[in-house]
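Worksheet: the structure to be examined is printed underneath.
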Amino acid sequence: MIVRTLEEVIGTKNEVKADTWASRRLLLKDDNMGFSYHDTIIYAGTETHIWYKNHLEAVYCVGGEGEIETVSDGKVYPIKDGTMYALDKNDEHYLRATKDMRMICVFNPPLTGRETHDKDGVYPLVED
């Protein structure tokens with residue numbers, strides 16, 4: 001069994017920060033669960049371009065407010081506490097927060113923890 005607290009992750013190598021977000025990575029590829037699990041904060045007043053070409057992601061908002069816009073069709077979907085979205089087609093998108101959003105994210109294939117977004121907003125597929 002794996003038991004971790006958010007407090008155990010904050011301030012370690014499993015907390016990754018960027019200008020627009022902070023990702024606290026609770027489960028990673030080495031945990032052998034077949035997915036990774038993240039507690040992420042999207043900072044208020046920011047816009048992040050993301051395009052996970054190599055990963056599928058499901059996200060559940062547990063606090064805050066913002067929106068997601070899909071690049072392919074320009075559709076904008078509001079996000080608030082209780083909203084889930086799934087990037088089932090590796091959807092290129094913009095994520096915007098009007099209030100800090102706390103998001104619970106699941107990635108398949110799982111992240112190793114070493115990934116960072118490239119210039120296109122993509123996480124590369126990192127192999128061990």
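Keep in mind that what you see is a predicted model, and the values were worked out from it rather than measured. Heavy atoms only: backbone and side chains are in, while hydrogens, waters and symmetry mates are out.
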Pairwise distance CD1(I2) to CG(D31) - rounded to 0.5 angstrom
4.0 Å

Do M103 and I10 land in one hydrophobic cluster if side-chain heavy atoms of ILVMFWY residues count as linked below 4.5 Å?
no

Distance check, rounded to the nearest 0.5 Å: T98 atom OG1 versus E65 atom CD?
5.0 Å

Residue D88 excluded, over 12 heavy atoms near CG under 6.0 Å:
yes

Would a hydrophobic clustering, with Ile, Leu, Val, Met, Phe, Trp and Tyr connected at side-chain separations under 4.5 Å, put M101 with Y94?
no

Using the side chain to side chain contact (heavy atoms under 4.5 Å, CB included) rule, pick out the option among D39, T40, V59 that qualifies with I104.
D39

Heavy-atom closest pair (H38 atom, S23 atom, distance to 0.1 Å) is ND1-OG, 3.4 Å

Given side-chain contact (heavy atoms from CB on, under 4.5 Å), test H49 with H93 step by step and report yes or no.
CA-CA 6 Å; H49 173 244; H93 61 284; over 6 Å; no

Hey, which of L95, T83, D91 is the one that makes side chain to side chain contact (heavy atoms under 4.5 Å, CB included) with I68?
L95

So how far is it from W21 CH2 to C105 SG, rounded to the nearest 0.5 Å?
10.0 Å

Using the rule that Ile, Leu, Val, Met, Phe, Trp and Tyr join whenever any side-chain heavy atoms are under 4.5 Å apart, tell me whether Y37 and V9 fall into a single cluster.
yes

So, are E69 and K75 salt-bridged, with charged N and O less than 4.0 Å apart?
no

On a heavy-atom basis, the closest approach of A22 and K17 is CB-CG, 3.9 Å

In terms of hydrophobic clustering (I, L, V, M, F, W, Y; side-chain heavy atoms under 4.5 Å; direct or indirect links), are I50 and I79 co-clustered?
yes

Within the 4.5 Å heavy-atom criterion, are T46 and R96 side-chain neighbours or not?
no

To the nearest 0.5 angstrom, please state how far the CE atom of M84 sits from the SG atom of C61.
12.5 Å

Between atom CZ of R102 and atom CZ of R24, what is the distance when rounded to the nearest 0.5 Å?
6.0 Å

Closest heavy-atom contact between Y43 and A97?
O-CB, 3.4 Å

Indicate yes or no: at least one non-hydrogen side-chain atom of Y77 is less than 4.5 angstrom from one of T70.
yes

Residues T48 and T20: side-chain donor-acceptor under 3.5 angstrom
yes

Joint cluster assignment, Y60 & M33, ILVMFWY side-chain distance < 4.5 Å
yes

Does the gap between the ring centers of F107 and Y52 come in under 6.0 Å?
yes

V16 vs R25, test: side-chain contact (heavy atoms from CB on, under 4.5 Å). Steps then yes/no.
CA-CA 8 Å; V16 178; R25 297 165 177 192; 3.6 Å; yes

Using modelled atom types only, decide if a donor and an acceptor are shared between the side chain of S36 and the backbone of L111 within a distance under 3.5 Å.
yes

On a heavy-atom basis, which atom in H55 and which in N90 lie closest, and how many Å separate them?
O-ND2, 3.0 Å

Please answer whether the main-chain N or O of T5 pairs with a side-chain N or O of E8 as donor and acceptor at a distance below 3.5 Å.
yes

What's the separation between atom CG in L26 and atom CG in L6, rounded to the nearest 0.5 Å?
6.0 Å

